[in-house]
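By convention in this document, chain letters (A, B, ...) are assigned in the order of the sequence lines, proteins followed by strands, and residues within each chain are numbered from 1. Predicted model, so just to flag it, every value in this text is computed and none were measured.
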Amino acid sequence: MKPNNRYTALTVKDVSIGYENTKIVSNINFNVSPGELTGIIGVNGIGKSTLLRTLAGLQPVLSGTIYLNGKHLNKYKSKNLACVLSLVLTESVATKNMTVLELVTLGRQPYTNWIGKLSKNDTIKINEALELLHLEDLKLKKCYQLSDGQLQRVMIARALAQDTSVILLDEPTTHLDLFHKVQILKLLKSIAKETQKAILFTSHEIEIIIQLCDSILVLNGDKNSFGSPAKLNEIKAFETLFPTDTVSYDPKTGTFRLKK
Amino acid sequence: MLGLSLILNISLGSVEIPFIETIRSALGQKIANGSWEYIIWNYRIPKAITAVLVGSGLALSGLLMQTLFRNPLAGPFVLGISSGASLGAAILIMGASAFSAYSSFQLLDNISLTVAASFGSTAVLLTMVVLASKLKDTMTLLIMGLMFGNISSAIVSVLSYFSSSEKLKQYIYWSFGSLGDLTWFQLCLLSSIVGIAICMSVFSIKGLNALLLGDNYAQSLGVNLKKLRYLVIVATGLLVGAITALSGPIAFIGIAVPHLARQIFDTTDHKILAPAVLVYGAILMLLCDTVAQLPNSASVLPINAVTSILGAPVVIWVLIRKKRMLF
């Protein structure tokens with residue numbers, strides 16, 4: 001069955017994820033349209049990263065189907081997949097001795113020839129990515145000279161240079177202070193709007209996500225509600241996120257309060 | 001620089017030959033002294049070419065290993081690959097004494113030594129890669145490599161305990177490392193293997209660059225990880241196997257030259273690094289060999305000792321100057 005909406009960038013239908021014999025989360029359903037910023041939230045260990053890895057084709061889907069731009073995820077060859085889906089992971093890059101420019105340039109690999117020669121278009125895309133993330137002044141710096149926030153921007157620029165319709169980010173705001181968290185997420189929001197890309201990310205910053213994202217996927221193991229922050233507020237999806245005897249959700253302010 | 005070291009290497013040796021005469025002979029002109037010409041064409045030029053091939057090959061294998069394992073300590077020696085080659089050679093030299101007819105075929109012996117050493121190094125390398133996919137921790141992997149090295153040297157000890165002193169001498173002489181004594185036929189064999197391995201590495205340059213980000217990122221960039229791994233492993237196995245078989249286990253070049261090249265060019269791009277390590281490996285090997293010849297004297301030092309004695313201070317000096325090891 002093909003998804004009816006021709007304009008969804010990513011459609012996830014009755015998907016279960018996990019490893020070989022252990023199902024972690026099942027019954028995941030959602031659609032993401034181009035230009036939308038989607039946050040994925042859930043407690044530690046619920047399977048947010050596993051979901052992202054599954055969406056990226058790094059591990060197999062246990063059941064259900066994932067459509068990417070209307071095409072079944074399994075039907076993509078790895079090289080074609082790299083042209084429609086890019087990743088920003090939590091793992092730090094193996095080599096910090098690269099310049100920002102070198103690292104962002106690697107994002108163009110799916111488009112370059114066998115030896116990796118850059119075309120004019122490649123250079124344009126790289127410069128666009130550097131510009132969007134305000135990295136022009138840093139482009140000749142080595143990665144080990146950068147702060148965590150700058151490095152995260154570089155990783156996002158690399159994904160952007162890959163010029164894919166979907167970008168997946170795994171906890172892009174960990175290790176950052178409140179200012180840089182908001183800075184990164186606002187950047188993601190404006191990139192999604194300007195470039196009409198579908199951007200999905202996992203995060204623990206629920207209060208920021210509620211204010212910023214177009215839609216949210218709440219992973220809680222069985223129901224996995226998905227929708228706009230307002231809709232999720234209505235159906236009380238955030239209340240079920242944590243055990244209520246430690247933190248409770250205040251739907252009026254959109255914040256969590258400690259139980260003393 | 002490469003040309004200069006090449007000429008220097010050819011012109012210096014245990015017999016003193018005037019510099020001008022060397023160049024004239026190497027360029028194909030007749031020179032007065034027939035024995036000089038014989039020395040240059042049948043001894044020094046093959047040796048210089050061997051040095052270039054061995055130096056480039058080992059340096060390239062070091063670069064491939066360091067990127068594949070994303071570990072600055074990786075190299076043919078640390079991962080036990082050279083030990084595997086040594087084990088293959090040892091089994092052939094010392095274990096084959098049962099086949100008494102064997103040594104009478106000199107030609108067969110050379111090829112089978114190469115095959116045995118290549119087989120040994122590829123076997124160790126494949127084991128390491130299988131372990132690498134299971135372990136995911138490069139430090140554990142390096143310790144595994146050291147263990148493989150220990151096992152190999154233990155088996156070599158056991159073999160040498162039981163083998164005749166003549167065979168033992170042959171093995172120990174081989175393990176000193178030697179660039180000389182290669183016939184033109186062996187040289188062709190070595191250069192075609194090194195050539196094939198270089199071609200394979202050229203095709204993996206793009207993938208190696210992606211691998212610098214990590215396996216998952218490389219995969220998300222459309223790199224076929226399995227194919228790349230096998231390409232790199234077979235190339236390294238061929239290089240280390242053939243070189244170790246024909247010139248003995250030569251230490252140091254493999255692990256040090258990639259670091260030198262990274263320091264000098266200040267880049268991580270394999271499009272620049274791969275040619276750089278080829279050239280630097282060749283230069284370093286030629287210079288080490290020139291010193292090992294102890295010009296104008298009759299004795300020759302084991303090349304294996306010279307590479308480490310000369311090379312290690314160079315790397316230490318570069319590291320101290322830059323105050324930081326870049327990888």
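Counting heavy-atom pairs under 4.5 Å between each of Arg108(A), Arg53(A), Met155(A), Glu91(A) and chain B puts Glu91(A) at the top. Interface remark: of the candidates Leu89(A), Thr112(A), Leu87(A), Leu89(A) forms the most heavy-atom pairs closer than 4.5 Å to chain B. Most heavy-atom pairs under 4.5 Å with chain A, from the set Asp269(B), Leu221(B), Asn209(B): that is Leu221(B).
No more than 12 heavy atoms of other residues, nucleotides or ligands sit less than 6.0 Å from atom NZ of Lys141(A). Residue Tyr76(A) qualifies as enclosed at atom OH: its count of foreign heavy atoms under 6.0 Å is above 12.
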Worked check of side chain to side chain contact (heavy atoms under 4.5 Å, CB included) between Glu102(A) and Thr267(B): CA-CA 9 Å; Glu102(A) 279 177 322; Thr267(B) 180; 2.7 Å; yes

Test log, rule side chain to side chain contact (heavy atoms under 4.5 Å, CB included), inputs Lys79(A) and Asn224(B): CA-CA 8 Å; Lys79(A) 191 158 185 188; Asn224(B) 187 337; over 6 Å; no

Residue pair Val93(A), Leu212(B): steps toward the side chain to side chain contact (heavy atoms under 4.5 Å, CB included) verdict: CA-CA 7 Å; Val93(A) 289; Leu212(B) 288 174; over 6 Å; no

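Contacts between Leu81(A) and chain B at a heavy-atom distance below 4.5 Å are absent for every atom of the residue. Both the backbone and the side chain of Gln109(A) come within contact range of chain B, each with at least one heavy atom under 4.5 Å from a heavy atom of that chain. Only the side chain of Arg158(A) has a heavy atom closer than 4.5 Å to any heavy atom of chain B. If you measure heavy-atom distances from Leu85(A) to chain B, the contacts under 4.5 Å come from the backbone alone. Proximity to chain B is limited to the backbone of Asn113(A), based on heavy atoms less than 4.5 angstrom apart. Neither the backbone nor the side chain of Ser204(B) comes within contact range of chain A, judged by heavy atoms closer than 4.5 Å. Of the two parts of Thr164(A), neither the backbone nor the side chain holds a non-hydrogen atom closer than 4.5 Å to a non-hydrogen atom of chain B.
Put simply, OG1 on Thr268(B) and NZ on Lys96(A) are 13.5 Å apart, with the number rounded to the nearest 0.5 Å. Rounding to the nearest 0.5 Å gives a distance of 8.0 Å between CZ of Arg262(B) and CG of Asn97(A).
The stretch residues 195-203 of chain B places Val202(B), Phe203(B) near chain A, each with some heavy atom under 4.5 Å from a heavy atom of that chain. Contacts with chain B (heavy atom to heavy atom, under 4.5 Å) involve no residue of residues 127-135 of chain A.
Smallest separation of non-hydrogen atoms from Ala82(A) and Ser220(B): CB-O, 3.4 Å.
For the pair Leu106(A) and Leu213(B), the minimum side-chain heavy-atom distance is below 4.5 Å.
Inspection of the Ser78(A) and Gln219(B) side chains reveals no N or O donor paired with an N or O acceptor under 3.5 Å.
Between the side chain of Lys77(A) and the backbone N or O of Gly222(B), no donor-acceptor pair lies under 3.5 Å. In terms of modelled atom types and a separation under 3.5 Å, the side chain of Tyr217(B) and the main chain of Val88(A) share no donor-acceptor contact.
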